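Before any comments, here is the structure.
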2 protein chains.
Amino acid sequence: MSKVSLTKISEILGMSKSTVSKALNNYADVSPGTRKKVQDLANELNYKPNIFAQNLRSQESKIIGLLMPEIVHYFFSTIISGVAETAEKYGYSVIVAQTKDDYKNEIKQLELLLDKNVDGILLSLADDTIHFNHVKDVINQGVPFVLFDRTSKLIDCNKVVIDDVKAAQMATQHLIDIGCKKIAIIRNQLKSQGTIDRHKGFKKALLENGMVYDKSIDFEGRDFSFSAGKIAGNKICESHKDVDGIFALTDLMAIGALEALKEHNVAVPDQVSVIGFSNWFLTQITTPHLSTVDQPGFEIGKAAFNLLYQEIQNKKNNVKEASKTIVIPTTVISRDSTK
Amino acid sequence: MSKVSLTKISEILGMSKSTVSKALNNYADVSPGTRKKVQDLANELNYKPNIFAQNLRSQESKIIGLLMPEIVHYFFSTIISGVAETAEKYGYSVIVAQTKDDYKNEIKQLELLLDKNVDGILLSLADDTIHFNHVKDVINQGVPFVLFDRTSKLIDCNKVVIDDVKAAQMATQHLIDIGCKKIAIIRNQLKSQGTIDRHKGFKKALLENGMVYDKSIDFEGRDFSFSAGKIAGNKICESHKDVDGIFALTDLMAIGALEALKEHNVAVPDQVSVIGFSNWFLTQITTPHLSTVDQPGFEIGKAAFNLLYQEIQNKKNNVKEASKTIVIPTTVISRDSTK
DNA sequence: GTGAAAGCGCTAACAT
DNA sequence: ATGTTAGCGCTTTCAC
């Protein structure tokens, strides 16, 4: 690597290491002449400070850890992108890791990140994480820590989320606004907070518009996949011909429903309007293009890093702040599947 | 962080730091009794070695850098996943960064990675990178370095690629095998090596089957997007009704073409068969499901890390090896858009 | 304005 | 089997 050390420069110049260090770091108490001499030589020799030594002194790495359920996942990849780009502005790099939605793995990955002495951690909880001691341990160790997207009320820390209730309510309201009278919902089991909240928002919208929530057109899939959506779509086509609007809790489910409707020759949006959730890339290339709720991953990632950065600063300055939760706004994106 | 240092343990136990260090690292020349005493106390105090100190001593970080054109990109995200999972097995973590397909940014990101003293770098070249001094500099500095997917013959280093010629040839052969007589190709400009090679493979397949390459049904889009594919698809429907097979160099283009065919009421695969390239997730949820060429990102990432790891070992042991190029096999995936 | 010296926490060559 | 010592490369008092 860079063989030129501070010591080497100091020897060549016949000065002490400390003077060289100060000159390089633009300290005030170095004469302009000395400073110039040092900096010129440093440039000439292409001097790069040894980060390992700096890290040891400062006890910080300028690296943060980003841990989430899946890497191969449109939404989470937009988060990586948002975190990485924001981190870069502050001189931080990002180690990326995934839990594969597995609790045990989450514990392990968290451990690995700590072992690398990251300056802070960003985490989106695994689906099956219901105990939080591993997370609380990290926080109690004083490691700057922010939860994003999949969070838990049982953990006291900074968080970045969207308002699922409101987002789902707006999506449903959109269907109502364009004239839907009989709206079905396609969802997965009411387990994760996100699903629960979206379901809540759906019912809230119906209620506020004087519509009844009809349990028979509330479809629960075994997951939130394309095929779960298709199965529900098929049921709608076969047994609930009066349905004129579908709210699917994920884009994948919505696209599955779209396919079922197509196969039953039900026109979208003329007979049935469909709206999804997340604004994945693929919603722009379905036929018809899918209306959805934009869940801005890049913004969430950006906000999460900023919050973490604030925590890192606070830690350095020994200030304690109460935990906050930042809510990133979502918007309904109206495309060709609703009208 | 962990306040328990080696020194602290040695003081408590009244031994020297070196003995404690040896005991902890299971050196042979420590008495079993001592070893146990040390390890027990270390466990009790939850001792974690300070990585910064270890890094400084060993001059290695056990972190590698992964730099690629885009993070929000199905194929590249599978690569991240493959790299991260493989790296973990060897105790390495992965810093992820993107160039946004910009040459200047590639230089900058490479610099940032070096500044973090990563033990090695994995790079997939930006589209508009035509000078390679920044890359050669890294290699000449002795930093373990592997190029993957988007590589260049002008750089001498280890590489992981697919055989684009062969893959395209197989895709075309698949169309021929199912009876296509008039095959159009949809591509972007013949700039990147990947595009050039796929184009070559296409023509090779035609030639080997005694078919003529017809320039009038070789469609060049301005990029490799959905809309570029759709534009080409429209032209085919309007002016080349005898086309019965389409090979699109990317899945996105293929899906665009699919949409055009649909709008012109051309039946797929009955009238026209369509095959894409890459096996992005979304090919599984189009109607009809898209046949494609699997470009296994996870495997590529895995191979790239393994190669890099080998280089890291070689560097430690002062052995030099000639550069190799690993070719990851691709397969044609036949779905509903070809028959 | 400059330099000497200590120390961050660890490992390893070299005694003993 | 254990301890001494030096050193990785940097920053930061503190003295001059």
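For clarity, every value in this text was computed on a predicted model and none was experimentally measured. Values reported hereafter were calculated over all heavy atoms of this structure, with side chains retained and with hydrogens, waters and symmetry mates removed. Lettering follows sequence order; numbering is per chain, from 1.
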Where the side chain of A:Gln54 is concerned, which of D:dC10, C:dA13, C:dC10 is the nearest nucleotide? D:dC10
If you check every side-chain atom of B:Leu6, which of C:dA4, C:dC10, C:dT2 has the closest atom? C:dC10
Rounded to the nearest Å, what distance is computed from the CG atom of residue A:Asn26 to the C1' atom of nucleotide C:dG1? 15 Å
Base, sugar-phosphate alone, or nothing: which one does B:Ser31 contact when heavy atoms must sit under 4.0 Å apart? sugar-phosphate
OP1 or OP2 of D:dT4 under 4.0 Å from side-chain N/O of B:Ser16: no
Give one of base, sugar-phosphate or nothing for B:Ser58, where a contact means two heavy atoms less than 4.0 Å apart. nothing
For B:Leu56 and for B:Met15, locate the closest nucleotide of DNA chain D by heavy-atom distance; then report the residue assigned to the nucleotide nearer the 5' terminus. B:Met15
Is any side-chain N or O of A:Asn25 closer than 4.0 Å to OP1 or OP2 of D:dT11? yes
Quick one: sort the A:Tyr90 and A:Phe305 rings into parallel, tilted or perpendicular, breaks at 30° and 60°. tilted
So, does the side chain of A:Ser21 form a donor-acceptor pair with the base of D:dT12 at under 3.5 Å? no
Using the six-membered ring wherever Trp is involved, compare the ring planes of B:Phe75 and B:His73 and label them parallel, tilted or perpendicular (cut-offs 30° and 60°). perpendicular
Quiz item: B:Lys8 side-chain donor-acceptor pair to C:dG9 base, under 3.5 Å: no
Using OP1 and OP2 only, check whether a side-chain N or O of A:Thr34 sits under 4.0 Å from C:dT2. yes
Does B:Thr19 put a side-chain nitrogen or oxygen below 4.0 Å from OP1 or OP2 of D:dG3? yes
Please state how far atom CZ in B:Arg57 lies from atom P in D:dG9, giving the value in whole angstrom units. 10 Å
Under 4.0 Å between a side-chain N/O of B:Tyr27 and OP1 or OP2 of C:dA12, yes or no? yes
